[in-house]
Amino acid sequence: MIPRIDAERLLAGDAGVLAEVATAAREIGFLTLHNTPISASEIRDVFAAYGAFFALPAVQKEAVNMARTGSNRGWGASGSEQVDPNANPDYKQVFDCGYEVPGSDLSVYAPNLWPDVPSDFRIIIENYYARALAFSGDLLAAIATAIGEDAEYFREQFDQPMALLRGNFYPERPDWAGAKDFGIATHTDYGCLTLLAMDGTPGLEVRKRGGGWIPVSAPVGEFVINFGEMLEMWTAKRVVATPHRVVGGTAERMSIPLFYNPNADTNVAPIGSGDVIRAVDHLQARFDETYVHLQDKS
């Protein structure tokens with residue numbers, strides 16, 4: 001069972017909730033949150049903004065096509081990602097934006113690309129990005145406390161986070177789709193913590209430890225939380241990254257994940273191991289494997 005957690009009690013340090021979160025982090029890799037500081041109405045506005053953008057003709061979206069860049073900023077057409085090399089490229093559209101560091105030569109801090117239409121798209125997305133960043137920082141600190149780590153140590157690693165906000169648009173599963181075709185194929189997230197808003201349409205499936213798949217959903221105003229490879233490594237597997245997928249169905253759906261990742265130079269090797277693994281090296285390697293337009297950048 002994936003636990004449903006009261007976010008206010010978690011952030012307040014309720015001992016019972018912290019224990020439940022520690023178990024979920026160690027054994028499941030997923031939980032859902034309600035009673036959060038981000039309202040359902042705010043999230044509906046963000047879904048509406050992404051929906052209006054994705055509904056534009058392809059020729060208009062082409063102006064912000066990330067395929068012409070060396071980074072993951074802007075629009076990605078269907079087939080622009082391949083999370084599983086044994087599956088076909090994912091049939092979904094995306095729009096990515098992230099943390100900008102002017103003058104940085106790292107693509108993880110590249111300038112964002114913004115469409116002219118919808119006219120309020122940028123302000124809505126930037127406002128939500130700021131809200132989601134703040135909430136994710138508090139969440140990660142609470143989770144660190146739950147597993148017995150220093151919350152402030154983790155906070156200090158996120159003042160220039162490689163945090164990526166994405167709008168996902170999954171169309172209906174096409175008639176031609178076969179066994180290797182997915183909205184997004186089986187994968188684990190690459191970074192630390194994913195804060196996922198869903199539009200209420202089913203689609204996300206999580207792999208069970210004993211095999212098989214279970215559906216996971218949350219209504220607008222609640223969140224699905226899962227953990228990535230980087231946090232699993234950083235915490236010496238006291239937090240686990242669990243594979244998940246979207247096969248696709250008879251209905252369109254959207255989701256909005258914030259991938260919350262630390263500063264580029266953060267050492268995410270197991271704490272106390274003496275090893276050094278820079279967060280940017282792990283993350284960029286995974287991006288280069290996943291984004292089709294980055295796979296031929298030699």
Side-chain angles (χ1 to χ4, degrees), residues 46 49-50 53 61 63-77 80-81 83 93-116 121-141 152-168 187-196 227-231 233-234 241 256-269 276-298:
V46 182
Y50 280 123
F53 172 78
K61 291 180 285 194
V64 289
N65 192 339
M66 69 171 68
R68 299 201 305 271
T69 76
S71 66
N72 53 350
R73 297 291 196 266
W75 175 61
S80 60
E81 277 194 314
V83 299
Q93 295 182 49
V94 303
F95 187 93
D96 290 351
C97 67
Y99 195 91
E100 297 177 322
V101 177
S104 174
D105 60 358
L106 296 175
S107 64
V108 293
Y109 291 139
N112 290 312
L113 300 178
W114 299 107
D116 294 329
F121 182 84
R122 177 174 181 173
I123 188 68
I124 290 172
I125 302 307
E126 285 187 329
N127 284 346
Y128 178 74
Y129 182 73
R131 294 274 282 150
L133 274 185
F135 183 36
S136 296
D138 291 340
L139 280 176
L140 187 59
E152 289 310 307
Y153 167 77
F154 278 86
R155 282 193 186 277
E156 289 169 0
Q157 314 308 316
F158 287 81
D159 60 325
Q160 289 189 327
M162 298 181 294
L164 190 75
L165 180 66
R166 160 170 289 183
N168 284 317
H187 67 289
T188 50
D189 288 353
Y190 306 152
C192 281
L193 178 149
T194 302
L195 177 75
L196 177 67
F227 308 106
E229 301 161 355
M230 196 183 295
L231 194 60
M233 177 169 55
W234 203 357
I256 306 169
L258 175 81
F259 302 107
Y260 190 62
N261 306 313
N263 302 347
D265 289 333
T266 297
N267 181 12
V268 294
V276 176
I277 301 172
R278 287 201 316 158
V280 67
D281 295 334
H282 173 81
L283 197 61
Q284 191 63 58
R286 300 296 274 129
F287 286 163
D288 291 349
E289 293 168 353
T290 300
Y291 288 90
V292 173
H293 74 282
L294 298 180
Q295 292 171 3
D296 302 317
K297 67 175 189 176
S298 58

Partner of T266 under side-chain contact (heavy atoms from CB on, under 4.5 Å), chosen from Q157, H282, Q160: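 So, applying the side-chain contact (heavy atoms from CB on, under 4.5 Å) to T266 and each of Q157, H282, Q160, only Q157 qualifies.
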CA sep, side-chain torsions, deciding dist, call: F158, C192, side chain to side chain contact (heavy atoms under 4.5 Å, CB included): CA-CA 11 Å; F158 287 81; C192 281; 4.3 Å; yes
Step-by-step side chain to side chain contact (heavy atoms under 4.5 Å, CB included) determination, F154 to L231: CA-CA 11 Å; F154 278 86; L231 194 60; 4.0 Å; yes
Intermediate values then yes/no, side chain to side chain contact (heavy atoms under 4.5 Å, CB included), I125 and W114: CA-CA 10 Å; I125 302 307; W114 299 107; 4.0 Å; yes
If every non-hydrogen atom of [X] is compared with every non-hydrogen atom of [Y], which pair is closest and at what distance?
X	Y	value
V268	P262	CG1-CG, 4.2 Å
A49	I124	CB-CG2, 4.0 Å
L195	A132	CD2-CB, 3.9 Å
V94	M66	CG2-CE, 4.1 Å
W234	A269	CD1-O, 3.5 Å
A241	G228	CB-C, 3.5 Å

Listed partners of R68 passing side-chain hydrogen bond (donor to acceptor under 3.5 Å, both in side chains), at least two apart: E62
Between [atom1] on residue [X] and [atom2] on residue [Y], distance to nearest 0.5 Å:
X	Y	atom1	atom2	value
L106	S71	CG	OG	11.5 Å
T69	Y291	OG1	OH	9.5 Å
N168	I256	CG	CD1	9.0 Å
D96	R166	CG	CZ	4.0 Å
M230	N261	CE	CG	5.0 Å
C97	L113	SG	CG	10.0 Å

Determine yes or no for a side-chain-to-main-chain donor-acceptor pair under 3.5 angstrom, with [X] supplying the side chain and [Y] the backbone.
X	Y	answer
S136	L133	no
Y128	L165	no
N263	D159	yes
Q93	A77	no
Y129	Y99	yes
N112	R73	no
T194	L196	no
N267	I277	yes

Going by heavy atoms in the side chains, are [X] and [Y] under 4.5 Å from each other?
X	Y	value
L193	F227	yes
E289	L294	no
T290	H187	no
V64	F53	yes
Y109	M162	yes
D189	F259	yes

Y50 and F121 aromatic ring geometry - parallel, tilted or perpendicular at 30°/60° bounds: perpendicular
Audit row: V108, F287, side chain to side chain contact (heavy atoms under 4.5 Å, CB included) steps and yes/no: CA-CA 9 Å; V108 293; F287 286 163; 4.2 Å; yes
Over 12 foreign heavy atoms within 6.0 Å of CG, D116: no
